[in-house]
Visitor: 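My questions will all concern the structure given below.
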Amino acid sequence: MTSFKNFVSVLLCLIVFGVNAQVNFFRNDNVVVLKSNGDTLKNPWAGGFNYVQFSEIDLNLDGIKDLFVFDKQDNRIVPFINNGVANQVSYTHAPEYIQDFPDLHDWVLLRDYNCDGKMDIFSYSSGGMAVYKNTSTTSLTFSLQTSLLFSNFQPNFINLFVSIADIPAIDDIDGDGDLDILTFSITGSYVEYHKNLSMETYGTCDSLNFELRNQCWGFFRENFSSNSVTLYDTCTFNVTNPEKNEGGNKHAGSTLLTLDVDSNNTKDLVLGDVSFNNLLLLRNNDTSLNLTASSMINQDSLFPANNLATSAVDINVFPAGFYLDVNNDNVKDLIVSNNCFFGCKNSDNVWYYKNNDADNYPDFDLLNTSFLQDGMIELGEGAHPVFFDYNVDGLMDIVSGNYGDFDPSVGVLGYKSALQLYENVGTPSIPAYRLVNSDFANISTMNLDLAGNQPTLRLIPTFGDVDGDGDMDMIVGDYFGHLHYFTNTAGAGNTATFVLTTPEYFGIDIGNYASPQLIDLDRDNLLDLVIGNRNGYISYYKNSGTVSSPIFDFQTDSLGYAKTRRYNEFNGNSTPFIFDDAGTYKMMAGATNGYLYYYDNIDGNLGGTFNLIDSMYLNIWEGSRSFVSLADVTNNGELDMLVGSFSGGVAFYKGGLNISVTPNGGELETINIYPNPTKNNITIDLGNNDLNNSTIRISDMLGKVINTQKPNHKSLTIDLANYARGVYLVQFSNEISNVVYKIIKE
């Protein structure tokens, strides 16, 4: 997705002089990546999953329910288009829909509360939940209904509490046609039932009118020290003024999922707990007509156990269940992931149970423990991809480090780090990658700490001929701020073979989170070291030695006074990459906040202040703790870019996207916009241009996007009557290219 934000000022100049401009990068999900066995990854550049939540929604308004994935790790939205193949899981990553959603955080459930067939948004907000109504007509849109949902606690109306750590159940609990809510109370171990009175009050389901009807729905109490419940707890405090309840233990964290497992027309409850690795099924045997008085009669800690001995959920701490049809057989399946934030299983942690029976009488079979993850580049937590031609065939391969794959058996921190090697098996102009080594250089088995008491963690590689023998050596930065030197013993022209030569190289210690790059920064034909750190600054070590015998001397811990930490952020996590752009050095740097920082004014200014061009370059954001590497892997004279994130995935951005500010100047066919100038409407005729993944944006001359459309037809009309007089920019983009036109509103 391309934003006006960072190049409007350039476009203004270009409009005046009538020449073409060029934007550096656009996202490209079409580069092929293969598994080690040769199978093609279905969505290699989707960015990885850590702790994800699942809902259904029709993203492209074609009548087929697509998939909305929300990663709690970074409040990251990952949409997928459902290809609609009967009886198959078939999804395509569709990042172009991210921009259509509001800012969401902590937990998100999509539910149709007003029965219009369109999924609305329920999400955490200040001790409760916000609700956004799906207002889509020709494109996906939402409007805020309430920033904090209230309920009648009899007699007082207060916010309907949902913990930031929980996932509530939003379902038609009493079978009257509108959505009710189950949530743990703020002070205790009981589940509150908030009945929606929309049907009773208005005769329709289109309102959010809640009343607390039962303070201990199901008549059970969650036990404090185990993942079990005490049944038949009638909670004697279940009286008027329920907000005064002070009983029970302080609630720590739970996930709720409702479904009917035994076809008795009552909602059973699946409960996950913050400290345990299983899901607990509570069976509801309420045979009365008063479903608000439901009572759980037994509990099953091996849900969803059936005839398969290994089918019970067993995910390292705090699992959450989601019930939706993911294989297009019109029967809801079960997806389970963990609802953690950090220090939990971060790979093979999305379990897919196929339902072989009916929605209200499921028969689950565990088919996959890495649902959709197995179709991505997935490194656990953190991805630090670097372009490097490891086999010297002229094609740039990828070596990626990570923060770590969670493994509680590995020391106190519980993470195991490694390097993954993806060989470029494509052509000079069309790259394609294949995983050939998931533990490149065998670093995961090494203890690089000279004291022997710290595990290998958060690996970031950089490559260069450090010893002057004609082949590329490797230096790896780690979590603890150290560098480790690996000599390439293969010799010039041969496939790299790395041997650890010097752990804690030159005794360099930058504190934490060493992110090194080997580059001849002062252009004296010797490789220097620039190293990003956790605080968001960059250290510079000048090579004062020789080509074959380097000596790295500390110069500064604030190179260029560049900083990737904002005033309200705990750390900056700077990951710099300096590159030569037509003879001039520029720098891109990743950050904790996930955006890319872009600097110039580097050459001849190593003791001065670099010029910050943009702290949100092209508005690219793939998740927190961004990492960037650049190289021309498509052989078009333009740099391409890899962006890694803490979700453990990688995004590919192709360089060289031409932008024309005058008609017929780009790669797209002619687009007609008329009348121009206009007083009211404009009509945009897209001609024969491809509409696949296309977007139209109208921006004012300050770069503010004021209108966005996803065209479904070759011609569309946009009303500008309420816009101020002046000059506007109309941008059309698709998978091929991008073009910008100037229009005048009179």
Side-chain angles (χ1 to χ4, degrees), residues 1-12 21-28 47 71 73-78 95-105 383 515 532 535-538 560-579 581 586-602 609-630 639-647 649-655 657 659 695 697 699-706 708 729 731 733 738 740:
M1 296 179 291
T2 306
S3 167
F4 283 100
K5 180 182 184 303
N6 305 290
F7 60 89
V8 164
S9 59
V10 178
L11 289 177
L12 287 172
Q22 194 171 66
V23 170
N24 289 333
F25 305 103
F26 71 99
R27 206 180 201 285
N28 184 352
D71 195 330
Q73 172 74 68
D74 289 329
N75 297 319
R76 175 171 158 262
I77 295 170
V78 193
E96 64 271 20
Y97 292 97
I98 297 173
Q99 64 181 7
D100 297 325
F101 288 88
D103 291 335
L104 305 168
H105 55 95
S515 180
N535 290 330
Y537 293 94
I538 300 169
Y561 297 98
K563 182 177 70 171
T564 62
R565 186 183 71 200
R566 298 171 178 169
Y567 73 93
N568 60 344
E569 293 175 340
F570 179 71
N571 57 57
N573 197 35
S574 176
T575 57
F577 188 91
I578 297 174
F579 58 98
D581 182 12
K586 296 179 181 178
M587 180 173 73
M588 204 85 71
T592 294
N593 58 51
Y595 290 101
L596 302 182
Y597 288 67
Y598 186 30
Y599 289 87
D600 66 4
N601 191 27
I602 297 172
T609 301
F610 297 167
N611 176 50
L612 176 60
I613 300 172
D614 200 339
S615 61
M616 299 171 64
Y617 183 65
L618 292 182
N619 209 32
I620 292 171
W621 189 88
E622 297 292 339
S624 71
R625 305 193 196 186
S626 51
F627 185 92
V628 61
S629 180
L630 297 95
L639 291 172
D640 306 297
M641 182 167 67
L642 299 174
V643 180
S645 77
F646 203 56
S647 290
V650 180
F652 185 95
Y653 284 81
K654 188 177 186 300
L657 175 63
I659 298 242
T695 303
R697 294 185 181 89
S699 170
D700 64 22
M701 299 308 285
L702 295 177
K704 180 181 179 181
V705 177
I706 57 178
T708 301
L729 300 176
Q731 177 198 38
S733 60
N738 191 311
V740 177

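Being a predicted model, the structure only gives us computed values, none of them experimental.
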Visitor: Where do Asp71 and Ser647 come nearest, in terms of heavy atoms and distance?
Guide: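 So the two residues come closest at OD2-OG, 3.3 Å.
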Visitor: Is there a side-chain contact (heavy atoms from CB on, under 4.5 Å) between Thr564 and Asn573 once you walk through the steps?
Guide: CA-CA 7 Å; Thr564 62; Asn573 197 35; 5.9 Å; no
Visitor: Between Arg27 and Glu622, does any side-chain N to carboxylate O distance fall below 4.0 Å?
Guide: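 Yes, Arg27 and Glu622 are salt-bridged.
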Visitor: Could you work out, with salt bridge (Lys or Arg N to Asp or Glu O under 4.0 Å) as the rule, every residue matching Lys586, not counting sequence neighbours?
Guide: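 Asp581.
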Visitor: State, with a plain yes or no, whether a side-chain heavy atom of Arg565 is found less than 4.5 Å away from one of Thr592.
Guide: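 Side-chain contact under 4.5 Å: no.
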Visitor: Are Phe610 and Asn601 close enough that some pair of their side-chain heavy atoms sits under 4.5 Å apart?
Guide: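 They are not in contact (no side-chain heavy atoms under 4.5 Å apart), so the answer is no.
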Visitor: How about Leu642 and Phe652: do any of their side-chain heavy atoms sit closer than 4.5 Å?
Guide: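 Yes, close enough: below the 4.5 Å cut-off.
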Visitor: Ignoring hydrogens, what is the shortest heavy-atom contact between Ala383 and Val650? Give both atom names and the distance.
Guide: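 Here Ala383 and Val650 meet closest at CB-CG2, 4.0 Å.
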Visitor: Going by heavy atoms in the side chains, are Leu618 and Tyr653 under 4.5 Å from each other?
Guide: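 Leu618 does not reach Tyr653 side chain to side chain.
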Visitor: Would you compute the distance between atom OH of Tyr561 and atom CG of Asn611 and round it to the nearest 0.5 angstrom?
Guide: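 One finds 15.5 Å between OH of Tyr561 and CG of Asn611.
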Visitor: Using side-chain contact (heavy atoms from CB on, under 4.5 Å), reason through Met588 and Phe25 one step at a time and then give a plain yes or no.
Guide: CA-CA 13 Å; Met588 204 85 71; Phe25 305 103; 4.1 Å; yes
Visitor: Report the residue from Ile602, Leu612, Ile613 that forms a side chain to side chain contact (heavy atoms under 4.5 Å, CB included) with Met587.
Guide: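 Checked Ile602, Leu612, Ile613 against Met587; only one passes side chain to side chain contact (heavy atoms under 4.5 Å, CB included): Ile602.
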Visitor: Does the side chain of Trp621 come within less than 4.5 Å of Met616's, by heavy atoms?
Guide: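 They are not in contact (no side-chain heavy atoms under 4.5 Å apart), so the answer is no.
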Visitor: What distance separates Lys563 NZ from Tyr537 OH, expressed to the nearest 0.5 Å?
Guide: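 That separation rounds to 4.0 Å.
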Visitor: Give the minimum heavy-atom separation between Asp640 and Gly655, together with the two atoms involved.
Guide: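 Looking at all heavy atoms of both residues, the shortest contact is OD1-N, 2.8 Å.
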Visitor: Could you go through the side-chain contact (heavy atoms from CB on, under 4.5 Å) check for Ser574 and Tyr597 one step at a time?
Guide: CA-CA 9 Å; Ser574 176; Tyr597 288 67; over 6 Å; no
Visitor: Do you know which two heavy atoms are closest between Asp74 and Ser624, and how far apart they sit?
Guide: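 Between these two residues, the closest heavy atoms are OD1-OG, 2.5 Å.
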Visitor: Could you measure the distance from the CE atom of Met641 to the CG atom of Asn28? Nearest 0.5 Å is fine.
Guide: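 Between atom CE of Met641 and atom CG of Asn28 there are 12.0 Å.
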Visitor: As an exercise, state the distance from OG1 of Thr695 to OH of Tyr97, rounded to the nearest 0.5 Å.
Guide: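 The distance works out to 8.5 Å.
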Visitor: Find the distance between CZ (Phe570) and CG (Asn535) and round it off to the nearest 0.5 Å.
Guide: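 The CG atom of Asn535 is 8.5 Å from CZ of Phe570, to the nearest 0.5 Å.
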Visitor: Where do Phe101 and Ile77 come nearest, in terms of heavy atoms and distance?
Guide: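 Nearest heavy atoms, Phe101 then Ile77: CB-CD1, 3.6 Å.
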Visitor: Gly47 and Ser645: which non-hydrogen atoms are nearest, and at how many Å?
Guide: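 Gly47 and Ser645 have their closest heavy atoms at O-OG, 4.1 Å.
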Visitor: I need the Ile620 CD1 to Ser626 OG distance, nearest 0.5 Å.
Guide: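 One finds 10.0 Å between CD1 of Ile620 and OG of Ser626.
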